[in-house]
Every structure is written in C-alpha cells, then in structure tokens.
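Working notes for the structure below.
Numbers restart at 1 for each chain; the letters A, B, ... are given by sequence-line order, proteins then strands. As a basis for the values below, the full set of heavy atoms in this structure was taken, side chains included, without hydrogen atoms, waters or symmetry mates.
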Number of protein chains: 2
Amino acid sequence: MITVELLEKYGVIKKSFDKNDIIFEEGNLPSNYYQIISGEIKMSNYNDDGREFIQGIFYNGQSFGEPPLFLNQKYPANAIAVENTELFILPKENFMKLLEENPKVSIQIIENLAQRLYYKSVMAAEISTHEPEHRVLKLIDHGIAYFNFQKDKNGYLINFTRQQIGDLTGLRVETVIRTIKALEKKGELKIINRKVYR
Amino acid sequence: MITVELLEKYGVIKKSFDKNDIIFEEGNLPSNYYQIISGEIKMSNYNDDGREFIQGIFYNGQSFGEPPLFLNQKYPANAIAVENTELFILPKENFMKLLEENPKVSIQIIENLAQRLYYKSVMAAEISTHEPEHRVLKLIDHGIAYFNFQKDKNGYLINFTRQQIGDLTGLRVETVIRTIKALEKKGELKIINRKVYR
DNA sequence: ATCGTTTTATGATTAAAGTCATAAAATGTA
DNA sequence: TACATTTTATGACTTTAATCATAAAACGAT
C-alpha cells in the first residue's frame with residue numbers, strides 16, 4: 001500500500017466502479033497501478049466451459065495486478081468489482097518514476113509480492129495434494145490471518161459464500177457444502193443459520 | 001540474479017551440496033539468501049501420505065526461498081538439491097543491507113518475484129479447472145519459455161521425467177504417462193525413444 | 001410486499017483420475 | 001559387467017468428487 005500523499009504527488013486519479021464492473025481483462029496489456037480506496041475486487045480466470053477460479057480477493061488499501069505491469073506481460077486473469085468500489089489509478093510511467101525516486105516503496109512492493117507468493121505456494125500444494133476438508137480449512141485459516149474476518153462470540157465469521165470457497169479451492173459448490181457440514185460434525189467449524197464460524 | 005561482485009562485497013560464501021541434500025526444510029525460519037552458481041534445486045512439499053508437490057525448479061543464476069525471508073515467516077516448502085549443486089549464501093542481515101544500499105537490486109527482486117507469481121497464477125488456474133492434457137501442455141509450454149529447454153531437429157526436448165511433470169501439475173505418474181501418449185496421438189507432442197519433444 | 005436471483009441444501013448417478021499390480025527398458029553405480 | 005534403482009509402460013479396478021436434478025431459504029431490488 002502506497003500512501004495517498006505519495007500517489008497524489010505522482011498524479012494519481014480516483015475512479016469509481018459499480019458491482020460487477022471489469023477493471024481489466026485476461027489478455028490485456030497492463031498500463032496502470034491499481035490500489036483500492038474502498039470496496040472489493042476479485043481476480044479470476046474462467047476456463048472454456050465457464051468455470052471460475054478465483055486467484056485472490058482484495059480489499060481496502062490493497063493493490064492488485066502488479067506482476068504483469070513489471071513484466072510487460074498480458075494479464076493472466078480478470079479483475080472484477082465484487083461490490084461498488086473506488087480505486088486509485090496511477091499510469092505505469094508515473095508508477096515507475098515513483099518507484100525509482102522512492103526506494104523504500106520498492107521494499108513494500110517486495111513484501112507485498114512475497115506475501116502473495118507465499119499464499120499461492122501454500123494453496124497450490126493444498127489444491128494438488130490434499131482432500132477437500134484440508135483445502136477448505138487451510139483457505140479459511142488463511143482468510144482469518146489475512147482477510148480481516150470479524151471475530152464475535154461464535155468465533156471468526158467466514159465471510160465467503162460456499163461458491164467463493166469453491167472457486168478459491170478448485171472445488172464445486174456441492175462439494176464445499178458437504179465438506180463444510182462434515183467439518184462441522186468433526187467440530188472444526190460451526191454453522192449458525194447458514195453462516196460459517198471458525 | 002545479483003552479480004557476483006555485489007554479493008562478494010557483502011560477504012557472500014559459497015557452499016557445495018550433493019544430490020538429494022537438503023538446503024532448508026518446511027517449517028524452518030529463513031536466515032539466508034540463496035543463489036545458484038551451478039546445479040539444480042527443487043522446492044517441494046510432501047503431504048501426509050508422502051505425496052510430493054513441486055513448487056518450482058531452479059537453475060544457474062536463479063535465487064529461491066526469498067518470500068519467507070522478507071516476511072519473517074517459516075518456509076512453506078523444502079529446498080532440495082536435484083543434482084550436485086553449488087550455491088552462493090548470503091546471511092539475511094547482509095542481504096538486507098545490500099538491498100537498502102542498492103535500490104536497483106530491489107527492482108530486479110521485484111521482477112523476479114513478479115515472474116514467479118505469474119507462473120503460480122497460471123498453474124493454479126490450470127490445476128484447479130483444467131483437465132490433465134491442458135495442464136501438462138501448459139506446464140511444458142511454460143518450461144520452454146522459462147527453463148531453457150534445448151531445441152533440436154525434433155523440437156524442444158522436455159527435460160522432465162513423467163514423475164516430475166506429475167509433481168508439478170498435481171497428477172499421478174500413470175496419468176501423466178497416459179496423458180502424454182494421448183497428446184502424442186493428437187500431434188501436440190512427439191515421443192522419440194521415451195523422450196518428449198514439443 | 002412481490003418477484004427474480006442468489007445461496008444453501010440433498011439425493012442419485014457418473015465419469016475420470018487414482019490406485020494397485022506387474023514388468024520391461026533405461027540408467028547409474030560398484 | 002553385473003546388479004540395483006529409476007523411469008516408462010499397461011491393464012484392471014476402485015474411489016471420490018463432479019454432475020445432474022430439484023428445491024427451499026435468503027436476499028435484493030423495484
């Protein structure tokens with residue numbers, strides 16, 4: 001996350017997006033740095049028969065879509081507003097200038113990319129070698145640590161739909177529903193009127 | 001990749017590892033920056049019943065294991081020498097000092113992490129939403145672009161065993177063998193005395 | 001308050017990759 | 001060169017999550 005002052009110094013603009021608006025699409029060449037002011041963005045892929053895989057979900061203060069920007073490569077996924085969202089948008093040239101002139105920001109970017117790489121490493125191993133219960137729990141526990149889920153008397157409220165959990169773990173909704181029930185039976189989760197707590 | 005001169009200026013040491021030696025293990029806290037002089041390193045996880053998932057394979061000039069170093073987190077995977085390997089090892093404090101005093105290196109690190117994140121994004125989507133043939137082809141095409149596979153009159157020689165392809169794509173050896181045969185039948189690959197060409 | 005959409009839910013069936021068993025070929029090593 | 005290990009290979013079978021069908025509950029928008 002880059003401070004507002006610094007972004008403004010380099011000519012950032014603000015832009016609003018409605019729910020379901022597309023920020024950029026898979027295959028496009030990147031030309032901006034994006035940072036969320038408010039709202040929620042998901043990055044995801046669709047395969048040939050329309051099945052979605054969610055690469056990540058991003059909230060206030062987080063940036064997204066930088067890797068292709070640094071590599072001059074096409075976006076490997078789409079970015080879509082999950083709800084009404086306001087973004088800071090900084091053109092690539094200005095962003096690169098900001099980086100050059102502010103070495104400390106590079107360190108922040110590095111830490112941010114490192115964090116995301118870490119998540120992807122963990123989930124990649126989960127998805128390819130573990131059973132549904134393990135995958136779902138790992139995702140939930142990651143979510144508690146990194147997507148500020150709220151804690152109340154029942155525990156942490158897992159603020160994802162079953163479909164989202166499926167799209168993040170590579171499972172189908174029905175499988176997620178059954179898996180969550182099985183995890184509840186084992187005492188790993190609580191389900192209180194359809195909401196999941198951990 | 002950081003230049004030898006710069007690494008030496010900050011007190012790098014060289015160390016040799018035999019085939020199958022462990023550089024670091026999942027769960028360890030990181031204390032060094034690693035860069036390959038010669039040889040080959042794999043980073044991988046093992047699940048409870050011993051099944052392996054290879055996060056990545058690294059060659060000459062490449063560094064590995066930085067994300068947890070930046071985050072002060074435990075390694076999410078093991079690093080093992082696939083063959084006899086010589087490494088540059090730079091203690092964390094020296095590495096951080098090097099970064100601070102050489103901002104241009106930060107940009108290189110960013111590009112490197114971005115590249116790896118890009119690969120993980122592509123493979124994550126593949127593994128969770130595509131069939132074996134698609135996954136295997138994607139891995140092979142990525143390999144051609146990023147792990148310098150040799151080209152000869154038959155095409156690019158895919159320098160991975162079936163087992164490695166399986167461990168990189170989340171498939172079992174038998175499935176990989178059958179998938180490769182199917183891809184050959186479709187004309188996507190060639191198999192010339194058991195070696196795979198694309 | 002109503003209607004359309006999304007989310008959660010459950011049962012029956014199917015398909016696809018995993019598992020198991022076995023072996024030949026290739027490779028590496030003493 | 002001989003022997004052990006690794007890699008590739010193939011057939012039979014099993015398991016597990018996907019698929020398909022259907023529906024109730026919840027949510028959102030007008």
- request: Figure out the NZ/P separation between A:K181 and C:dT8, and round it to whole Å.
  value: 11 Å
- request: Have a look at B:G166 and say if it touches a base, only the backbone sugar-phosphate, or nothing, with a 4.0 Å heavy-atom cut-off.
  value: nothing
query: What is the distance from CD of A:E131 to P of D:dA18, rounded to the nearest Å?
result: 13 Å
query: What is the distance, rounded to the nearest whole Å, between atom CD1 of A:I192 and atom C1' of D:dA26?
result: 17 Å
field: Residue pair A:Y118 / B:F70, side-chain heavy-atom distance below 4.5 Å
entry: no
query: Atom CD of B:E83 and atom P of C:dT29: how far apart are they, to the nearest Å?
result: 12 Å
task: Take the C1' atoms of the five end pairs on each side of the helix from C:dA1-D:dT30 to C:dA30-D:dT1, derive the two axes, and give their angle rounded to 10 degrees.
output: 60°
task: Determine the minimum heavy-atom distance between A:T85 and A:A81, stating which atoms define it.
output: OG1-CB, 4.0 Å
- prompt: Is atom NZ of A:K138 surrounded by more than 12 heavy atoms (other residues, nucleotides or ligands) closer than 6.0 Å?
  reply: no
task: Nearest whole angstrom, please: distance from the P of C:dA9 to the CZ of A:R172.
output: 18 Å
- prompt: Taking the six-membered ring where the residue is Trp, are the ring centres of A:Y34 and A:F58 under 6.0 Å apart?
  reply: no
- request: Check whether more than 12 heavy atoms from other residues, nucleotides or ligands sit under 6.0 Å from atom OH of B:Y156, and answer yes or no.
  value: no
- prompt: Is there a donor-acceptor contact under 3.5 Å linking the side chains of A:D167 and A:Q163?
  reply: yes
- prompt: To the nearest angstrom, how far is B:E174 atom CD from D:dC13 atom C1'?
  reply: 13 Å
- prompt: Considering heavy-atom distances to DNA chain D, does A:R135 or A:R194 have its closest nucleotide positioned more toward the 5' end?
  reply: A:R135
- prompt: Hey, is the side chain of B:T175 poking within less than 4.0 Å of OP1 or OP2 on C:dA17, counting only N and O atoms?
  reply: no
query: What is the minimum heavy-atom distance between B:E25 and B:Y75, and which atoms define it?
result: O-CB, 3.8 Å
query: For D:dT8, does either OP1 or OP2 sit under 4.0 Å from a side-chain N or O belonging to B:R162?
result: yes
task: Check whether any side-chain nitrogen or oxygen of B:K195 sits under 4.0 Å from OP1 or OP2 of C:dA26, and answer yes or no.
output: no
- request: May I ask you to verify whether the side chain of A:R178 and the base of C:dG11 hold a donor-acceptor pair under 3.5 Å?
  value: yes
